[in-house]
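These notes are about the structure you will find just below.
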Amino acid sequence: MDVMEELAESSEFNESKGPCLAFRQAASVLKSLPSAVRCLGAIQGLPWLGEHTKAVMEEILTFGRSFKVEEIRCDERYQALKLFTSVFGVGPKTAEKWYRRGLRSLKEILTEPNIQLNRMQRAGFLYYSDISKAVSKAEAEALGCIIEETVHWIAPDAVLALTGGFRRGKEYGHDVDFLLTVPEMGKEEGLLLHVIDRLRDQGILLYCDHQGSTFDVSKLPSCRFEDMDHFQKCFLILRLEEGQVEGERGLQRDPGDSRGWRAVRVDLVAPPVDRYAFALLGWTGSKQFGRDLRTFARKERQMLLDNHALYDKTKRNYSYRRLLRRTSLPIWVWSMWSLGREMHKHLPLTDTDTIPTLYIQYIKGSQTPSLGNTFCHEVERRFCRFIKANFLQFYTFWHVLFNI
DNA sequence: CGGCAATACG
DNA sequence: CGTA
DNA sequence: GCCG
């Protein structure tokens, strides 16, 4: 239900963090259902759908629209903030600042002389029409080929993996995320900078925000929580040529656009192999799923999960648990694939768009929201047992699931 | 009524 | 503050 | 706003 996302967004602009989260949870539960909700009976017993959200849904089911939602849509402040934050590099604070100055349109911002945009925002405005257009799966795959070719020219044994929404099976996205790694520990050092240089040489690098890593391989044996750091990553805007996209319609573009190319937001992340599983999990998303998983790890298992590792709080020094017995990528991939195949038998997935917040409910064992005919009971039971028995592996099933 | 994921970098 |  |  897009309506829930709108309510969440509105709450976000009002700086009401709690309601915002609640609406997002509700939206995510609704999205994970196999079909659109037709009557209130269908959502009996589902988590995160409380009094307020149900009232809104009832309004929509009976009148086709909701008064409160209509009100928000018409609200001048909501419209302006939504517009401003749609620019890459502009968040709620900046949008609010501009709104308070009386600005209402993007044109007003660009013509206002007293506003200075940072580098990110300048790129955001420069490529606004392209970046705000959806990216198709075909375009994502085309970019994958281009980047893969570039990467292999530098490091033949490097592995590039599509992550983000496209890994979750989405047909469209607002950007394209890739994970890049090398089977040998430490070889990923500096790889990203080489790739960026090559993309620049090819003339397709329109914007680049590179974030280096202070991650030190030599300190790896002491895997203490405090020492953990982030991965090398870069946020790019790339130029995608028309001829490079497979499929009937090729490039997504406006009628009358004769440039023959478009700009696309691309993220590249380069973790060391032994963190690959966690990086993949984190970057595959979705955001809500990550939140749920981390809450579960901390509250129910006394563990801390992030994009780098899973830490066991009950053990000294927060020793982190490796998912890999060896740092060999092929072996890891193989084991994950077999687990994934196993998982797939248990999951009659009907919608891959979003986070199964519901799955988290299953794991907790906090009994079973009645899902109507979403899952048959036998499958439900087996799935629940399987997840409980394979808590660690569960973290990694996510990537495999959508890659079979 | 408190908690709601998480945190480094530019 | 904004990015992921 | 929803949950424990």
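Chain identifiers are assigned alphabetically (A, B, ...) following the order of the sequence lines, protein sequences preceding nucleic acid strands; residue numbering begins at 1 within each chain. Here the structure is a predicted model, which means the values were calculated and not measured. Computed over heavy atoms, backbone and side chain alike; hydrogens, waters and symmetry mates excluded.
- Taking atom CZ of residue A:R119 and atom P of nucleotide C:dT3, one finds them 14 Å apart after rounding to whole Å.
- Listed candidates were C:dC1, C:dT3, B:dA5. Nearest to the side chain of A:Q211 is C:dT3.
- No contact: A:V269 has no heavy atom under 4.0 Å from any strand.
- Straight-line distance from the CG atom of A:N118 to the C1' atom of B:dC9: 14 Å, rounded to whole Å.
- A:K233 comes within contact range of no nucleotide atom at all, as no heavy-atom separation falls under 4.0 Å.
- Taking a 4.0 Å limit (strictly below) on heavy-atom distances, residues 261-268 of chain A reaches DNA chain C at A:R265, A:D267.
- With C:dA4, C:dC1, D:dC2 as the choices, the nucleotide that has an atom nearest any side-chain atom of A:K93 turns out to be C:dC1.
- Salt bridge annotation for A:K233-A:D209: absent, with no cationic side-chain nitrogen under 4.0 angstrom from a carboxylate oxygen.
- Applying the side-chain hydrogen bond (donor to acceptor under 3.5 Å, both in side chains) definition to pairs two or more places apart or across chains, those involving residues 52-61 of chain A are A:E59-A:S66.
- Heavy atoms of A:G18 sit under 4.0 angstrom from at least one base atom.
- The CG-P distance, from A:L192 to B:dG10, rounds to 12 Å in whole Å.
- Contact annotation for A:T53: backbone-only contact, meaning every heavy-atom pair under 4.0 Å involves sugar-phosphate atoms and none involves a base.
- In this structure, A:W48 atom CH2 and B:dG3 atom C1' are separated by 10 Å, rounded to whole Å.
- D:dG4 and B:dA5 have their P atoms separated by 14 Å, given to the nearest Å.
- Following rounding to the nearest Å, A:H52 (NE2) and D:dC3 (P) show an atom-to-atom distance of 14 Å.
- You'll find that the side chain of A:F88 is closest to C:dT3, out of C:dT3, D:dG1, D:dC2.
- The distance between atom CG of A:L236 and atom C1' of C:dA4, rounded to the nearest whole Å, is 12 Å.
- Residue pairs meeting the ring pair (Phe, Tyr, Trp, His ring centres under 6.0 Å) criterion with at least one partner in residues 112-165 of chain A, sequence neighbours excluded, do not occur; the list is empty.
- Residue contacts for A:Q121: at a heavy-atom cut-off of 4.0 Å it reaches no nucleic acid atom on any strand shown.
- Looking at residues two or more places apart in sequence or on another chain, you find no side-chain hydrogen bond (donor to acceptor under 3.5 Å, both in side chains) involving A:Y172.
- As a whole-Å value, the separation of A:K17 NZ from B:dG2 P is 16 Å.
- Partners of A:Y78 according to the ring-ring contact (aromatic ring centres under 6.0 Å, His included) rule, which considers only residues two or more places apart in sequence or in another chain, are A:F13.
- With no hydrogens or angles considered, a side-chain donor-acceptor pair links A:Q202 and A:T150 at under 3.5 Å.
- Residues forming a ring-ring contact (aromatic ring centres under 6.0 Å, His included) with A:Y207 (at least two apart in sequence, or on another chain): A:F88.
- Nearest nucleotide to the side chain of A:L21, out of C:dA4, B:dA5, C:dC1: B:dA5.
- With contacts defined as side-chain heavy-atom distances shorter than 4.5 Å, the pair A:F235/A:V266 does not qualify.
- Computed from coordinates, the A:D209 CG to C:dA4 P distance equals 10 Å when rounded to whole Å.
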